[in-house]
Enquirer: 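Here it is, the structure in full.
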Amino acid sequence: MKNIRCKDYETLSKKVANSIIKQITLKPNSVLGLATGSTPIGTYQALIEAYQKGKVDFSQVTVFNLDEYYPISKDNPQSYHHFMMQHFFQHININKDNCYIPNGQAKNIEKECRLYDEAIKQSGGIDLQLLGIGTNGHIGFNEPGRLLHMNTHLTSLKASTIEDNARFFDKIDSVPTKAITMGIGSIMKAKKILLLVSGQKKADIYKKLFEKQLSTDIPVSLLQLHLDVTVMVDQEAYSSEVISDTIVG
Ligand code: GLP
């Protein structure tokens, strides 16, 4: 894994945005895997600014988002549909028909998950996957546990995830306890992965990422098996204890 240390969140966000712009410049019809959470918001802002300056064209891009709460409606302000529209899609020239997010109101969940994986396959696969990280090491909503799933599936959120995400809701009881998420296999099939780690509260999980052990209890550790992962870390989350080739960005 390549490890790029950035002096602050703003620098990290700009660098990640530049990598995405480079990807789209090289392949205008790129397929991007995108993430929610607070970490990628700066990246989306930087991409919107680049778009407004004419530096990037999203017209041929396809997006698959990692996950969505379940059950939740698309227009619920806490849904990831709403998040993506508000923070990114409505500000750029992406074709909304090419923006895929699991349906948080699907009646037939198994079918929804199967069709989601099929759509990823039909698109030619994800060229660049953006990932954040939960404090417990989850990616997407692939939570720590004895077993991890390959494909898109319905999952139950851990208490720690519900607590972490409660800040976006009026009260903890309003946080959905389930979600539809892409599986570890779907993530690992992406050609390139950019993992964003920002802030003091991610310092512990960042260290674990480089412990050279794989564990389903730390889902993000499986990224060590992928051949093209770049970890973008800011100073607050970085630890000098980590033994890895680090580029200062
Ligand atoms: C949610 C999302 C993850 C994201 C995580 C971290 O749980 N499902 O994809 O990585 O939040 O969020 P934040 O960046 O706000 O710490």
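Throughout, residue positions are numbered sequentially from 1 according to the sequence presented. In each ligand, atom 1 is the first atom listed, and ligand 1 is the first ligand listed. Side-chain atoms are counted along with the backbone in the values below, which use heavy atoms only and exclude waters and symmetry mates.
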Enquirer: Check this for me, if you would: do Lys192 and Asp228 make a salt bridge, where the nitrogen-to-carboxylate-oxygen distance has to be below 4.0 angstrom?
Expert: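 Asp228 and Lys192: not salt-bridged.
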Enquirer: Check contact between Lys158 and ligand 1, using heavy atoms of the residue and a distance below 4.0 angstrom.
Expert: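 No.
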Enquirer: Classify the contact between Tyr80 and ligand 1 as side chain, backbone, both or neither, using a heavy-atom distance cut-off of under 4.0 Å.
Expert: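 It is the side chain that gets close, since no backbone atom is under 4.0 Å.
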Enquirer: In the protein, which heavy atom is nearest to atom 12 (O) of ligand 1, and how far is it?
Expert: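 For atom 12 (O) of ligand 1, the nearest protein heavy atom is Gly37 CA, 3.7 Å.
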Enquirer: Give the residue, atom name and distance (to 0.1 Å) of the protein heavy atom nearest atom 7 (O) of ligand 1.
Expert: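 Result for atom 7 (O) of ligand 1: His138 NE2, 2.9 Å.
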Enquirer: Considering only protein heavy atoms, which is closest to atom 8 (N) of ligand 1, and at what distance to one decimal place?
Expert: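 Nearest neighbour among protein heavy atoms for atom 8 (N) of ligand 1, to 0.1 Å: Asp67 OD2, 2.8 Å.
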Enquirer: After noting the C-alpha distance and the side-chain angles of Phe64 and Tyr116, does the key distance pass the ring pair (Phe, Tyr, Trp, His ring centres under 6.0 Å) rule?
Expert: CA-CA 9 Å; Phe64 287 92; Tyr116 205 72; 5.8 Å; yes
Enquirer: Please work out whether any backbone atom (N, CA, C, O) or any side-chain heavy atom from C-beta onward of Ile133 is under 4.0 Å from ligand 1, and answer side chain, backbone, both or neither.
Expert: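 Backbone only; the side chain of Ile133 stays clear of ligand 1.
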Enquirer: Using the test salt bridge (Lys or Arg N to Asp or Glu O under 4.0 Å), find all partners of Asp164 that sit at least two apart in sequence or belong to another chain.
Expert: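 Once residues adjacent in sequence are excluded, Asp164 has no partner under the salt bridge (Lys or Arg N to Asp or Glu O under 4.0 Å) criterion.
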Enquirer: Test of understanding: given a 4.0 Å heavy-atom threshold, classify the contact between Ala35 and ligand 1 as side chain, backbone, both, or neither.
Expert: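 Answer for Ala35: neither.
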Enquirer: Which residue and atom name correspond to the protein heavy atom nearest atom 4 (C) of ligand 1, and how close is it?
Expert: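 In this structure, atom 4 (C) of ligand 1 has Thr36 O, 4.0 Å as its nearest protein heavy atom.
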Enquirer: Which atoms of ligand 1 are found less than 4.0 Å from any heavy atom of Gly132?
Expert: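 So the answer, numbered in order with elements, is 10 (O).
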Enquirer: Short question: side chain of Asn65, backbone of Asp67 - any donor-acceptor pair under 3.5 Å?
Expert: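 Such a contact is absent between Asn65 side chain and Asp67 backbone.
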Enquirer: Using a 4.0 Å cut-off to any heavy atom of Arg167, which atoms of ligand 1 qualify?
Expert: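 This gives 13 (P), 15 (O), 16 (O) as the contact atoms.
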Enquirer: Counting distance only, does the side-chain N/O of Glu143 pair as donor-acceptor with the main-chain N or O of Lys158 below 3.5 Å?
Expert: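 Looks like yes, one N/O pair under 3.5 Å.
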Enquirer: What protein heavy atom sits nearest atom 14 (O) of ligand 1, and how far off is it?
Expert: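 Looking only at protein heavy atoms, the one closest to atom 14 (O) of ligand 1 is Thr39 OG1, 2.4 Å.
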Enquirer: Using a strict 4.0 Å threshold on nitrogen-to-oxygen distance, state whether Glu10 and Lys14 make a salt bridge.
Expert: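 Salt bridge: yes.
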Enquirer: Which ligand 1 atoms are under 4.0 Å away from a heavy-atom of Asn165?
Expert: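 Selected atoms, number and element: 1 (C), 7 (O).
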Enquirer: Going by heavy atoms in the side chains, are Ile187 and Asn142 under 4.5 Å from each other?
Expert: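 Answer yes - side chains close enough.
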Enquirer: Which protein non-hydrogen atom lies closest to atom 16 (O) of ligand 1, naming both residue and atom, and how far is it?
Expert: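 Its nearest protein heavy-atom neighbour is Lys202 NZ, 2.6 Å.
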Enquirer: Please check if any side-chain donor atom of Ser30 sits under 3.5 Å from a side-chain acceptor atom of Gln23, or the reverse.
Expert: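 The answer is yes; a qualifying pair exists.
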Enquirer: Clusters formed by hydrophobic residues whose side-chain heavy atoms approach within less than 4.5 Å: which one holds Leu154, and what are its other members?
Expert: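 Tyr70, Ile109, Ile180, listed by chain and number.
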Enquirer: Using a 4.0 Å cut-off to any heavy atom of Gly140, which atoms of ligand 1 qualify?
Expert: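 Those atoms are 2 (C), 3 (C), 8 (N), 9 (O).
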